[in-house]
Amino acid sequence: MPENVLDKFLRYVIIDTQSKEDSESYPSTAKQFDLLNLLVKELKDLRVPKVSIDEYGYVMATIPANVQKSVPAIGFIAHVDTSPEVSGANVKPHVITRYNGGDIVLSGDQTAVIRESENPALKIAHGKTIVTSDGTTLLGADDKAGLAIIMTAIQSLMDNPNIFHGDIKIGFTPDEEVGAGTKFFDIKKFGARFAYTIDGDTPGELNKETFSANSCLITVYGRDIHPGSAKNIMVNSVRVISDIIARLPKNTAPETTEGYEPYIHPYVLEGGVGKSTVKILFRDFKTEGLDILKKTVEEIVAEVQQMHPKAKIEMQISEQYRNMREELEKDTRVIDYLFEATKRSGLQPEWTPIRGGTDGSRLTENGLPTPNIFTGGANYHSRTEWVNVWGMEKAVETILNLIQIWVDHSK
Ligand SMILES: [Zn+2]
């Protein structure tokens, strides 16, 4: 019996591959190589002919075309790292073979509960196999489900030479969760004309648009002096920055918005009397909308500056990523064929906007159109993360359909 997608998934999730913010090295944590190197070995065991890993950890492989037609090279990409927000060490996957509804209390921590009311995707999991963690760590379906799905599809291609395909490119990457998954990714070397990340969630959900994203750093300089002799001299940057944060719009926050609504999100605050900083995210599906968010904060800063004339306030904006929709719609084959492939797998495909970025946003911006495919996972970056194994199987099927649709439409 060839290995199935669940076998592979269970092998990958027990390997700790947590990435780290603000690391000096690349990948951000060396332990990501444990899984990257394993994938290299497994690709070679499957007799995939061209497999490589570089100093940054990028694993690339090619399965050469087995048709005479000229079919564009298609890539499939997933990331090995898990979120820095929740531990990914000593993951104990728990397989529920026939889920029959109801809340799931996780065995290692009774306070971790996967609730039906908070998980609409549990509805389509009735009677199916799902996997959870024991509640003390995340599961790592994001994105080890993607790895298992791609590896299973490759195994099918290698075992069944009668499945026709063009050049198939495989890419496994580190550091997606810290926003650096494509930092050293060599698109030319990868060699795909179009690609797909396998990093979504609910079965049938596809993604061709993401936020456009900027980050904003506000630095307030005050003046520190012993509080005993501070009258009319001290300028307390903690108070100044609090006045700024208190004025940020509460109806334009991640916790009060959904769908296509933009937000302003202060998420890291550091400081003392002499200097304080706050990091803020600007998110909008319309890139022009980012200017409005910036202006909103500029006006707040100007108002607070007037209240505290002796403080010095600086605001610095950095570009993060851009909505990929416009680029993807320039050659609609990459999205049309995906839609068709999902339908052929018996699912009702649906395009949903991602309130975040993907590695595909950056790749698309750099010339490799890369929409995103579901994995069957849910509740990413949390201890209640879980995956629907049927969803993973459907993703494998969708990839195999997609490969053949590209062949069918080529001459
Ligand atoms: Zn992911």
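In this text the structure is predicted, and so the values were computed from the model without any measurement. Order of appearance sets the numbers: ligands from 1, and atoms from 1 within every ligand.
Applying the side chain to side chain donor-acceptor pair (under 3.5 Å) definition to pairs two or more places apart or across chains, those involving residues 33-42 are Arg11-Glu42, Tyr12-Glu42, Lys41-Asp45. Legend: ring pair (Phe, Tyr, Trp, His ring centres under 6.0 Å) pairs involving residues 384-411, not counting sequence neighbours, sorted by first then second residue: Phe194-Trp406, Tyr337-Trp406, Tyr337-His409.
Under the 3.5 Å distance criterion, with hydrogens and angles disregarded, no donor-acceptor pair is assigned to the side chains of Thr210 and Thr358.
Side chain of Thr137 to backbone of Asn90: no donor-acceptor contact under 3.5 angstrom is found.
Annotation: cation-pi geometry not satisfied between Lys169 and Phe190 (NZ/CZ under 6.0 angstrom from ring centroid, within 45° of ring axis).
Around the Zn ion (ligand 1), protein N, O or S atoms at less than 2.8 Å number 4.
With sequence neighbours left out, Ser237 forms a side-chain hydrogen bond (donor to acceptor under 3.5 Å, both in side chains) with Ser276.
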